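Everything numeric in this text was worked out from a predicted model, so none of it was measured. Throughout, protein chains are lettered first and strands after them, A, B, ... in sequence-line order, and every chain is numbered starting at 1.
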Amino acid sequence: NMSQSLISSFFSPS
Amino acid sequence: MFEARLVQGSLLKKVMEAIKDLLNEASFDCAHSGILLQAMDNSHVSLVSLNLRKEGFDKYRCDRNIVMGMNLTSMSKILKCASNDDIITMKAQDSADTVTFVFESPNQEKVSEYEMKLMNLDQDQLGIPETEYCCIIKLPSGEFARICRDLSQFGESIVISCTKEGVKFSAAGDIGTANIKLAQTGTVDKEEDAVIVDMQEPVTLTFSCKYLNMFTKATPLSPQVCLSMSPDVPLVVEYKIGEIGHIRYYLAPRIGD
């Protein structure tokens with residue numbers, strides 16, 4: 001079971 | 001007044017097919033320079049970024065910036081009403097709550113107009129930093145779609161491993177394992193048939209099959225796809241959209257348990 005990371009944790013809100 | 005006319009209307013139909021499974025709704029940011037769309041999928045695992053430059057349109061007018069929130073299921077229904085050889089125009093008044101799609105047959109004998117209600121969307125815009133990627137892989141888009149489809153029979157994840165020799169896609173699951181290696185091609189007749197690996201450092205990352213397969217819905221847009229990878233950052237899957245722009249999908253890598 002692999003967890004899927006959220007994309008928002010990689011890119012800061014502009 | 002906003003108005004964008006595209007003689008090659010089929011491109012817009014293909015763009016819709018490439019995003020509608022990932023996004024229920026999205027804002028089209030229309031500005032003087034063109035149209036931008038950026039939205040996370042419903043589970044916030046991937047990000048879609050669409051860029052259509054004004055130069056790519058046959059006519060483009062945008063007097064002031066407008067943001068058009070669209071229900072993509074509805075927009076998709078409307079674009080299905082356009083024939084592949086129709087000329088498509090999108091237009092809206094400056095502070096309108098509707099957008100109008102006009103489809104003209106090539107001989108101008110049939111003109112259809114569809115008006116769609118716009119939505120107020122409160123979407124988080126993400127800042128995508130300029131990133132230097134360790135590996136940039138270009139390969140035929142049909143080949144990539146085939147690999148994702150074939151490997152999805154084996155498991156929920158695809159491991160993409162890039163070295164200077166080439167790129168390896170693998171999957172493992174209950175029925176066994178699968179490995180597909182693509183070597184860099186030598187000289188090819190057509191540039192779009194080439195597999196090109198530009199590698200600074202070898203990279204191995206794991207991604208969700210389901211999402212990669214959804215990205216391959218963009219295959220009809222371009223004969224080539226470009227994958228950019230670096231450790232611990234999202235994969236970028238990019239398809240060019242004719243001479244108009246591009247669609248990029250960003251997918252966060254899976255982390256081991």
If you draw a 6.0 Å radius around [atom1] in [X], do more than 12 non-hydrogen atoms from other residues or ligands fall strictly inside?
X: B/Glu17; atom1: CD; result: yes
X: B/Lys138; atom1: NZ; result: no
X: B/Glu201; atom1: CD; result: no

Worksheet item: Applying the side-chain contact (heavy atoms from CB on, under 4.5 Å) test to A/Ile7, which of B/Ile128, B/Leu126, B/Val45, B/Val48 qualifies?
Response: B/Leu126
Item to complete: Give, for atom CZ of B/Arg254 and atom OG of A/Ser5, the distance between the pair rounded to the nearest 0.5 Å.
Response: 9.5 Å
Discussion item. To the nearest 0.5 Å, what is the distance between CG on B/Leu47 and CG on A/Leu6?
Written reply: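 If we round to the nearest 0.5 Å, B/Leu47:CG and A/Leu6:CG are 12.5 Å apart.
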Worksheet item: Are A/Phe10 and B/Tyr250 close enough that their ring centers fall under 6.0 Å?
Response: no
Discussion item. Report which part of B/Asp232 has an atom under 4.5 Å of a heavy atom belonging to chain A: side chain, backbone, both, or neither.
Written reply: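 Only the backbone of B/Asp232 comes within 4.5 Å of chain A.
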Fill in: Segment of B/Ser46 engaging chain A (4.5 angstrom heavy-atom cut-off)
backbone
